[in-house]
Amino acid sequence: MHLSPHLPRRGLLAATAVATITLATACGSPQPEVVGSARVSTLADTKRAAQLTYDFGDTAYAPPGLGGKRMELRASVTYPRQPGSEKHPLALMLHGWGTATCQTGDQPARARSWPCGKDAKPVDNYLGYSYLAEALAEKGYVVVSVSANGIQAQEKNEGHIARAALLDKHLELWQQLSQGKGPLAELKQFTGRVDLGRVGTMGHSRGGGGVLAQALDSHKPPAGVTIRGTLAFAPAMNGIDPARERITRVPVSVVVGTCDAMWEKTVVPGAEQHDLPGANHNFFNTVWTPGTGPAFAMDDVAVEKRNRPGGQCETTNGTGTVRQLTPAEQRKAALDLTTTFFTKHLG
């Protein structure tokens, strides 16, 4: 499969908080790749899914591709409340380039600064796919949604390298945890219960580019990990050379809305290609969506002035005007596509 180049995308926030415990400290060389210890916060359970976050802090990790700059090592975990005795497949999710990485009150803070400045807090871009994570957890998956604000705030030309490395780093943590080791070892409910031979990845916007970069034939996944499927929503493939790079070992599916300006930039030859009539770019992420995100969340169709009377939008695939999907309709379509894809390739 050859890859086509993609352009950047924008989007935005939501928030959460809660009770904490402290885990073991990560490695401690003079210039460690990972520093700090993990704080675990328990989130409110849904009817059939439990949730937590682990957080090593805003400067815990220095991935390749960021020129030595540091970023957060943070993720939410959504998993079955009654896991049973079987091993569970693991799904990783990665957000894209939101409109902001930090906010002060209801306003976005400086976009190209990390960590956040005084009186500002990170925009929780990574929590915008909780509706997908909960649906997958109810089907028996453990879902890890990864925060990547520090890449957005500091990347230049190798953000795709940093995002692929970030996903690998979280997988390494889970590989250690599966053996009861590493800085997440106190999360004993997952030891021996996650099947790292059945891993799936989902990314959106530049996060979509990140999961595709990780799936490249030229990229070696962590030892003991098998990625069985990669799903990309409106991927932005900045930095990947389409004339040179290939994906042949991982099944790939690409989903893009016909009202998304990214449409003509998201063709990945050899992948399953799903055009979603009436879908925009931002509504796949609840944090980037007006009404469920912060005050500065936006409808990219309106911002780009492609909205038309009567709830219509001017398409970007040459099909004229169609009715734009509501946020709920777009999320329902994304949920159906996601669960179908992961069930097919991970079981």
Side-chain angles (χ1 to χ4, degrees), residues 16 18 21 23 38-56 73-95 124 126-148 166-204 207 210-211 214-215 221-231 250-251 334-335 337-347:
T16 313
V18 259
I21 61 174
L23 298 186
R39 185 184 68 181
V40 173
S41 301
T42 306
L43 305 181
D45 292 353
T46 65
K47 184 176 181 181
R48 295 171 58 187
Q51 302 175 90
L52 59 84
T53 64
Y54 60 84
D55 184 359
F56 289 82
L73 197 62
R74 176 180 303 126
S76 67
V77 184
T78 307
Y79 56 100
R81 290 186 66 183
Q82 297 179 334
S85 59
E86 74 279 6
K87 281 192 172 184
H88 301 273
L90 181 69
L92 265 67
M93 296 182 174
L94 185 62
H95 68 85
D124 290 330
Y126 72 113
L127 297 180
Y129 312 105
S130 293
Y131 68 102
L132 297 176
E134 291 169 11
L136 288 172
E138 289 177 0
K139 293 181 177 294
Y141 293 77
V142 174
V143 185
V144 178
S145 189
V146 173
S147 179
L166 176 64
L167 291 168
D168 287 347
K169 179 53 60 181
H170 283 274
L171 284 172
E172 288 172 9
L173 292 174
W174 281 84
Q175 176 73 306
Q176 295 166 6
L177 175 56
S178 71
Q179 303 170 32
K181 302 176 181 179
L184 295 179
E186 289 191 28
L187 296 179
K188 299 181 186 298
Q189 67 267 45
F190 300 112
T191 299
R193 305 299 298 279
V194 176
D195 186 353
L196 292 170
R198 289 191 294 156
V199 174
T201 57
M202 187 287 286
H204 175 207
V211 297
Q214 187 193 35
V225 172
T226 301
I227 297 175
R228 294 189 176 271
T230 293
L231 175 61
V250 179
L335 192 153
L337 288 163
T338 300
T339 54
T340 298
F341 179 81
F342 282 127
T343 298
K344 177 181 178 180
H345 295 290
L346 277 68

Can you tell me how far apart [atom1] ([X]) and [atom2] ([Y]) are? Round to the nearest 0.5 Å.
X	Y	atom1	atom2	value
Met93	Leu132	CE	CG	4.5 Å
Asp168	Ile227	CG	CD1	7.0 Å
Glu134	Gln51	CD	CD	4.5 Å
His88	Lys139	NE2	NZ	15.0 Å
Ser147	Asp124	OG	CG	7.5 Å

Taking all non-hydrogen atoms of both residues, which atom of [X] and which atom of [Y] are closest, and how far apart?
X	Y	answer
Ala185	Gly180	CB-O, 3.6 Å
Pro183	Gln176	CD-OE1, 3.2 Å
Gly210	Leu167	O-CD1, 4.1 Å
Ala215	Thr230	CB-OG1, 3.8 Å
His170	Ala75	CE1-CB, 3.8 Å
Ala137	Pro80	O-CG, 3.4 Å

Are [X] and [Y] side-chain neighbours, meaning at least one heavy-atom pair lies under 4.5 Å?
X	Y	answer
Leu346	Tyr141	yes
Trp174	Val142	yes
Val211	Met202	no
Thr53	Ser76	yes
Thr338	Leu136	yes

Exercise for review: Check step by step if side-chain contact (heavy atoms from CB on, under 4.5 Å) holds for Leu94 and Thr201.
Suggested key: CA-CA 8 Å; Leu94 185 62; Thr201 57; over 6 Å; no
So does [Y] get a backbone contact from the side chain of [X], meaning a donor-acceptor N/O pair under 3.5 Å?
X	Y	answer
Thr191	Leu177	yes
Arg228	Gly197	yes
Ser178	Gln175	yes
Ser145	Tyr126	yes

Review point. Under 30°, 30 to 60°, or over 60°: which ring-plane class applies to Tyr54 and Phe56, parallel, tilted or perpendicular?
Key: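 Perpendicular.
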Practice item. Please lay out, stage by stage, how Leu166 and Leu73 fare under the test side-chain contact (heavy atoms from CB on, under 4.5 Å). Key: CA-CA 8 Å; Leu166 176 64; Leu73 197 62; 3.9 Å; yes
Practice item. Apply side-chain contact (heavy atoms from CB on, under 4.5 Å) to Gln214 and Leu171, showing your working. Key: CA-CA 12 Å; Gln214 187 193 35; Leu171 284 172; 3.6 Å; yes
Review point. Which residues satisfy the side chain to side chain contact (heavy atoms under 4.5 Å, CB included) test with Leu52, sequence neighbours excluded?
Key: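 So Leu52 forms a side chain to side chain contact (heavy atoms under 4.5 Å, CB included) with Val40, Val77, Tyr79, Leu187, Gln189, Phe190.
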